[in-house]
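Here the structure is a predicted model, which means the values were calculated and not measured. Residue numbers start from 1 in every chain, and the chains themselves are labelled A, B, ... in the order their sequence lines are given, proteins ahead of strands.
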Amino acid sequence: MERYNVKETEAKWQKAWADAGTFEVTEDRSKPKYYVLEMFPYPSGRIHMGHVRNYTLGDMVARYKRAKGFNVLHPMGWDAFGLPAENAAFERRVHPDTWTRENIAAMRAQLKVMGLSYDWTREIATCAPEYYKHEQKMFLDFVEAGLAYRKESWVNWDPEENTVLANEQVIDGRGWRSGALVEKRLLSQWFLKITEYAEDLLSAIEGLDRWPDRVRLMQHNWIGRSEGAKVRFELEGRDDALEVFTTRPDTLFGASFCAIAANHPLSSALAADNPDLAAFVAECNRMGTSEVALETAEKRGFDTGLRAVHPLDPTWTVPVYVANFVLMEYGSGAIFGCPAHDQRDLDFARKYGLEVTPVVLPPDADAASFEIGTEAFVGEGTIYNSRFLDGLSVDDAKSRVIDSLEEMASGSREITYRLRDWGVSRQRYWGCPVPMIHCESCGIVPVPEADLPVTLPTDVDFDAPGNPLDNHPTWKHVTCPVCGGHAVRETDTFDTFFESSWYFARFCDAQGETAFDADKANYWLPVDQYIGGIEHAVLHLLYSRFFTRALKRCGYLDLDEPFAGLLTQGMVIHETYKDPDGSWLFPTEVTRAEGGKWVTVDDQRPVVVGRIEKMSKSKRNVVDPEAIIDTYGADTARLFMLSDSPPERDLEWTEAGVEGAWRFVNRLWRMMTDAGNGGGEIGPLGMARPDAVDPSVAEAERAIHKTVKSVAESIERFRFNAAVAQVRELVNTLADVPSTATGSSWLRRFGYETVVRLIEPMTPHLAQELWTRLGGTGMLADVAWPGFDPALVIDDVLTIAVQVNGKTRGTIELPRDAEKDAAEAAALELPGVVRALAGKTPKRVVVVPNRIVNVVG
RNA sequence: GGCCCCGUGGCGGAAUUGGUAGACGCACGCGACUUAAAAUCGCGAGCCUAUGGCGUGGGGGUUCGAGUCCCCCCGGGGCCACCA
């Protein structure tokens, strides 16, 4: 019997698809379009299991939608700028460009072996000038439109990477990649005005109904809308005022101090004449923002000696502090403190002996005796100690006090967002140059469009600290495009999230002279199904949503939301292993000895099996996809990726699970190619259904129709594991039909063909090979998804459960839509029911037609 | 600290969305084939003190009926976090 030659077969069909251009697409307006996109990879050198899962999921959707008659765009490219290339340059003396291109070539070859239905003619790499020249143009358009601007600001500085980080790249006070403690520095940086779209980005989340709730919530929180008031506190003896933001204007009569951030302009001004204050400010800037630092850090303040006048009572003043817990970046960088109803303010007040006046009375408290101890009261209650606000609820007091402030012109309603503008400048080499020129006489001027792209120099030195572009002897020296005098280029490059914020549009017209043709982009976009990791829930997805709006404003396309549907896949996880010395071991270094004990392969030393965790190089719990595909083939790897867990959940990679998938691949092969072993003859191509068939054949025929229906439903709901299970169930059913049954060879033909069409999105090579061997012609990928007969997915006779008081006591067979009386009568005759009733007359019998009978005793 | 998710056999997970809990697979056991093993095929299997009882983390509730809905608790996870 011929064995399934995976390698040969998979290679054969991959070549056939490529030669035939099967997956190349154009804007075919006769079909509905469907754009499937997986988050494109960083070319790190080799694909890992996370990639395999991601692209398998995408290919499942792409091939299914294609079979359903959609014109499917399914492209792939490379997110090719980034720091690792520079690190490689430093460590291995290889140019980032060379390193990146070699990695791309290696990874492309690995992807091609997976049999993914990509239109490779659209492949892009973001490090190519043909790609990034367009984003330089976009940036100039953004500057023109007021969406990009330069400002001096306190930035997060990663001392290890020698670069600025966006807020989103600071995790727990540390650089997201280096892990180094982030410092504050004052630098001139380019920003994109994402805050201008804060409200729009927030309210549009509601319309993203095919996004996971989790991601929508994360974006919601990240934008962080707060409703409150802006309140003016005049400064006694000065002609300026302090502007504070508060979400609790109702507690204004409980104010006992004001506090400003260390970096507040007023702090800086006062510090200029006050060395003690200057020292305090410097100390605040040094303070870490890690979780530990924040929890242990005391609320500290420096009394400026200034007094702020209460906005609702000119005779009332409070002290003004510079405080280490006030953030310049949020609100106005200044607060008023109401210790009774805010924990931080309370801690601060207790430390500096400031007044604590409660102004919100808890519902069951007594006004005469209620006191604040060490915990602030932040709940709902009735306002008191607050003059004209007394007796109001918190909400009523808020709006009432804002009305008064507005009348007196000392405050107004204000909405503040946590979201900050996106700082895009990076002091790195391997990124897209910011196309700007600094001229001493003309200021900052854009590089003329005709001079784009501004390309990176190739002869750079990576050994010196800092930015190689800045260190380069000649690159930055240019003539000013306005006055012709000497000028220098901007030596910063863009944050790499810049490239990934529009690549989905470039795929619509990947080889075009312009960024993309608006007609093509408008045809393909939005991406119908985007698939990738949850780690991009905020950064990449939020930037892309903003970028799309910005591009719309600049006339590039007509679209707000780039991704209509989003699927966030779980991680691929694996057991961890350690040897007796505590060193991590690769899965290939351990094995199961007699008795189930884990030992090392080499010398049989005992192995400690640890937690099941995300695959990571440091813990060595990685499995190389290439080795798996080499052994079992791409189809087996793909099938396992789909079958064990639903996509959003983590998937544990196990050798046994892969073996299971491998067995199924071979089982299908044997079943359909070897009548002797598979159990029965397969009818000839085009064989018609016999008029008379055995009941077992008729039953299996129904199973085929039901499976066609349920597999499609499962795929539509991304329950790929269920879809695989349903196919397996059908295969079991087909195998059980006796070969002697009348109509069995017809059934096999029908059943096998159907199975092959159902598994095409999962295991495309096997499906195509079997399709051809069953007599099918051409590409199975071009064959439509099978249909089903609605009459055959509905059973004529149903098995209905019969319960007594909610406990199942047996089942009855009933024709579909049987009379309630008939169902009741049949149910009451069941021995199990008679026994459970023990001679008692049922009080009531609930009959839900075609569903259930419940006898209430 | 705030907000949000999730707890189903030895394991991954199903369950028509309130209607026979445990599909499908993994692991396991038994049998067939084999000199033997592998592969393959067949059978078995939630648990228990088994013609019955108990079972979806625990407790309560709604309902004829709850894995599914509501309340409380326990456990695990995620995101954000000196955000005024």
How far does the C1' atom of B/C48 sit from the matching atom of B/G9, given to the nearest Å?
14 Å
If you look at every strand shown and take non-hydrogen atoms under 4.0 Å, does A/S226 touch a base, only sugar-phosphate, or nothing?
sugar-phosphate
Considering only atom P, compute the distance from B/G22 to B/C3 and round it to an integer number of Å.
39 Å
The side chain of A/R728 lies closest to which of these nucleotides: B/C24, B/G13, B/C41?
B/C24
Contact class for A/V855 (heavy atom, under 4.0 Å): base, sugar-phosphate, or nothing?
nothing
Given the C1' atoms of B/G29 and B/U17, what is the spacing between them in whole Å?
37 Å
B/G2 phosphate, OP1 or OP2, under 4.0 Å from A/R418 side-chain N/O
no
So what does A/A656 touch, heavy atoms closer than 4.0 Å: a base, only the sugar-phosphate, or nothing?
sugar-phosphate
With a 4.0 Å cut-off on heavy atoms, is A/S643 in touch with a base, just the backbone sugar-phosphate, or nothing at all?
nothing
Pick base, sugar-phosphate or nothing for A/R344, based on heavy-atom distances below 4.0 Å to the nucleic acid.
base
Anything under 30° is parallel, anything over 60° is perpendicular, the rest tilted; go ahead and classify A/H540 against A/H536.
perpendicular
Is the base of B/C82 touched by the side chain of A/K299 through a donor-acceptor pair closer than 3.5 angstrom?
yes
In whole Å, measure the gap between the P atoms of B/G58 and B/G7 for me.
13 Å
With heavy atoms under 4.0 Å as the rule, sort A/L327 into base, sugar-phosphate or nothing.
base
Output field dot_bracket for RNA chain B (Watson-Crick or G-U, both distances under 3.5 Å, | for other-strand pairs) contains (((((((..(((......[....))).(((((.......))))).(((...)))..(((((..]....))))))))))))....
Write down the distance separating the P atoms in B/C26 and B/U40, rounded off to the nearest Å.
10 Å
Give one of base, sugar-phosphate or nothing for A/N721, where a contact means two heavy atoms less than 4.0 Å apart.
sugar-phosphate
Classify the nucleic acid contact of A/K843 as base, sugar-phosphate or nothing, counting any heavy atom under 4.0 Å across all strands shown.
nothing
Can a side-chain donor-acceptor contact be found between A/N732 and A/R667 if the only test is distance below 3.5 angstrom?
yes
Look at the side chain of A/N854 against the base of B/C64 and say whether a donor-acceptor pair falls under 3.5 Å; ignore hydrogens and angles.
yes
Under 4.0 Å, heavy atoms only, any strand: does A/R809 hit a base, just the sugar-phosphate, or nothing?
sugar-phosphate
Do any N or O atoms of the protein come closer than 3.5 Å to N or O atoms of nucleotides 56-63 of chain B, and which pairs are they?
none

Scan A/N732 against the nucleic acid and name what it touches under 4.0 Å (heavy atoms): base, sugar-phosphate only, or nothing.
sugar-phosphate
Sub-3.5 Å donor-acceptor pair from the side chain of A/T654 to the main-chain atoms of A/G657, do we have one?
yes
At 4.0 Å (heavy atoms only), tell me whether A/V856 reaches a base, stays on the sugar-phosphate, or touches nothing.
sugar-phosphate
Using a cut-off of 4.0 Å on non-hydrogen atoms, how would the nucleic acid contact of A/Q803 be classed: base, sugar-phosphate, or nothing?
base
With respect to the phosphate group of B/G18, does any side-chain polar atom (N or O) of A/R851 fall under 4.0 Å of OP1 or OP2?
no
Could you tell me how far B/G67 sits from B/G55 if I compare only their C1' atoms? Round to whole Å.
11 Å
Base, sugar-phosphate, or nothing for A/G660, non-hydrogen atoms under 4.0 angstrom?
sugar-phosphate
